[in-house]
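I have placed the structure first, in the form of structure tokens, so that the comments after it can refer back to it.
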There are 2 protein chains.
Amino acid sequence: MPRAGLDPAAVVAAGAALADEVGLANLTMGSLAERVGVRAPSLYKHVGGQEDLNRRIAVLALNEVADAVGGAVQGCAGRDALAAAARAFRAFVLEHPGRYAATIGQEPSDPEDPLAVAGRRLLDAFMAVLWGYEIDPADVDHALRMLRSLCHGFATLQVANGFQWSADIDESFEWLIAFADRGLRAL
Amino acid sequence: MPRAGLDPAAVVAAGAALADEVGLANLTMGSLAERVGVRAPSLYKHVGGQEDLNRRIAVLALNEVADAVGGAVQGCAGRDALAAAARAFRAFVLEHPGRYAATIGQEPSDPEDPLAVAGRRLLDAFMAVLWGYEIDPADVDHALRMLRSLCHGFATLQVANGFQWSADIDESFEWLIAFADRGLRAL
DNA sequence: CAATCCAGGCTAATGAGATTAGCTTTCGGC
DNA sequence: GCCGAAAGCTAATCTCATTAGCCTGGATTG
């Protein structure tokens, strides 16, 4: 029996990719095992189980989305930065719905939990957007939560097909960016 | 064997209550059956299965949250209506996290699907908030999506413990209401 | 170079949960 | 009081996750 050459990172990456394809709810140990070319029990040599796998996918996704948002913000400021960050975030969620879904409902145990670290990285990326606005330090946390709620809410609703009716969704998103920009500049 | 006197509505209501208590992911046919005093297979006389149960819980939740938001808005306008609607929405999600979670990822098949009808009721309730503002008809759909994204995003992030750090969450929510109000008045 | 060890695979078995099949019993309407 | 449908039940099946325990290839070491 030839070795498959797996390691935890490879299993998690394959799991994330599969979740994006078939939906997180349809990611089973069996299908993932088949994907990576082993039998299901072998996966347990690399990850602790489904819950652990889910958690690791969440960490991967948070780091990736933090990279995407952080990278998009580079070299921009103000409204440009806001627009770049928001678009990068939404694009990530639309392209990787499965792995992003894995982040929902995960609670970090302690502040050193990789999940907490990754979450902080994403917040830092959004924080960089706020630097481009003149915001009272007392408002920064609230503004950050507002931005995160807007982006998360919009993207997850869209992925879930929560926007039924007519108006163009991309247009709504651009409108929403403009709305947030005006509000932040007015602070 | 005495009849339990069940019907679909009773099963769905019990399922929603149990989901709120133990989390949607831990709602099993077995635990629900025990809760209502029958064996698991008997539930299939009332609902089509787990997927159908989930869907019906989602419809119930959407109708309830629409009632809550719609009721809260009664007799208010402008900022008061916005605040009442947003608070009612968040309060519902925090009190009924399980049944609200059931709404996520449900796609209505056709416009007559009860799910679509319930979704429209919720939108109508939010729409009532917008009437209190002077909004260009071309912006209404976008504003509606913005409001829904904000409320949904904030509430789901809070339920999932997605807000880690210091600042007070209730305070952030009030800040967010004020932010949205200023933005809507400026349109 | 050979003995050893262990990481990484495997098969088999267990156990939870959803679902189906088919039987039985209650209950409303005649 | 009789009948049929509705509402329960038990038993059986299927899919998955997970555990136990075996096996081996290839690096490590003497």
Side-chain angles (χ1 to χ4, degrees), chain A residues 1-60 98-99 101-107 109, chain B residues 1-60 98-99 101-107 109:
Chain A
M1 60 190 106
R3 294 293 170 95
L6 291 179
D7 59 26
V11 171
V12 171
L18 191 51
D20 288 339
E21 288 172 34
V22 303
L24 184 64
N26 298 315
L27 173 63
T28 67
M29 297 303 272
S31 60
L32 176 54
E34 187 177 10
R35 171 70 71 104
V36 299
V38 299
R39 299 310 183 100
S42 303
L43 295 177
Y44 291 79
K45 298 287 169 142
H46 305 292
V47 297
Q50 208 164 35
E51 201 174 331
D52 179 51
L53 173 65
N54 213 281
R55 205 175 175 72
R56 288 170 187 251
I57 291 176
V59 173
L60 174 68
R99 70 187 71 188
T103 67
I104 297 172
Q106 295 288 346
E107 302 185 26
S109 43
Chain B
M1 59 191 108
R3 293 290 171 96
L6 291 180
D7 59 28
V11 170
V12 171
L18 191 51
D20 289 339
E21 287 172 34
V22 303
L24 184 64
N26 298 315
L27 173 63
T28 65
M29 298 302 273
S31 59
L32 176 54
E34 186 176 11
R35 171 69 72 103
V36 299
V38 299
R39 299 312 182 97
S42 304
L43 294 178
Y44 291 79
K45 298 287 173 160
H46 306 292
V47 296
Q50 208 165 35
E51 200 173 332
D52 179 51
L53 172 64
N54 214 281
R55 206 174 174 73
R56 287 169 188 251
I57 291 175
V59 173
L60 174 68
R99 71 187 69 187
T103 67
I104 297 173
Q106 295 287 348
E107 303 184 25
S109 44

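Only this structure's heavy atoms are used, side chains among them; waters, hydrogens and symmetry mates stay out. Residue numbers begin at 1 in each chain, while the letters A, B, ... track the order of the sequences.
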Between [X] ([atom1]) and [N] ([atom2]), how many Å, whole number?
{"X": "A/Asn54", "N": "D/dT18", "atom1": "CG", "atom2": "P", "value": "11 Å"}
{"X": "B/Leu18", "N": "C/dG17", "atom1": "CG", "atom2": "P", "value": "12 Å"}
{"X": "B/Tyr44", "N": "C/dT19", "atom1": "OH", "atom2": "P", "value": "3 Å"}
{"X": "A/Leu32", "N": "D/dT18", "atom1": "CG", "atom2": "C1'", "value": "15 Å"}
{"X": "A/Met29", "N": "D/dT19", "atom1": "CE", "atom2": "C1'", "value": "12 Å"}
{"X": "B/Leu53", "N": "C/dG17", "atom1": "CG", "atom2": "C1'", "value": "14 Å"}
{"X": "A/Leu27", "N": "D/dT15", "atom1": "CG", "atom2": "C1'", "value": "15 Å"}
{"X": "B/Gln50", "N": "C/dA16", "atom1": "CD", "atom2": "P", "value": "17 Å"}

Counting only heavy atoms from other residues, nucleotides and ligands, does the tally under 6.0 Å from CD of A/Glu21 exceed 12?
yes
Would you compute the distance between atom [atom1] of [X] and atom [atom2] of [Y] and round it to the nearest 0.5 angstrom?
{"X": "B/Arg35", "Y": "B/Thr28", "atom1": "CZ", "atom2": "OG1", "result": "11.0 Å"}
{"X": "A/Ile104", "Y": "A/Leu24", "atom1": "CD1", "atom2": "CG", "result": "9.0 Å"}
{"X": "B/Asp7", "Y": "B/Lys45", "atom1": "CG", "atom2": "NZ", "result": "15.5 Å"}

5'-most contact on DNA chain D (nearest-nucleotide basis), A/Glu51 vs B/Pro41, goes to B/Pro41
Nearest non-hydrogen partners of B/Val38 and B/Ala4, listed with the distance
CG1-CB, 3.7 Å
Contact class for A/Ser42 vs. all strands (heavy atom < 4.0 Å): base, sugar-phosphate, or nothing?
base
Could you please name the option among [options] that lies closest to any side-chain atom of [X]?
{"X": "A/Thr28", "options": "C/dA18, D/dG8, D/dA17", "result": "D/dA17"}
{"X": "B/Arg3", "options": "C/dT26, C/dT11, D/dT10", "result": "C/dT26"}
{"X": "A/Lys45", "options": "D/dT19, D/dA7, C/dC10", "result": "C/dC10"}

Report yes if a side-chain nitrogen or oxygen of A/His46 is closer than 4.0 Å to either non-bridging phosphate oxygen (OP1 or OP2) of C/dA7; otherwise report no.
no
Within the pair A/Arg39 and C/dT11, is there a side-chain N or O less than 4.0 Å away from OP1 or OP2?
yes
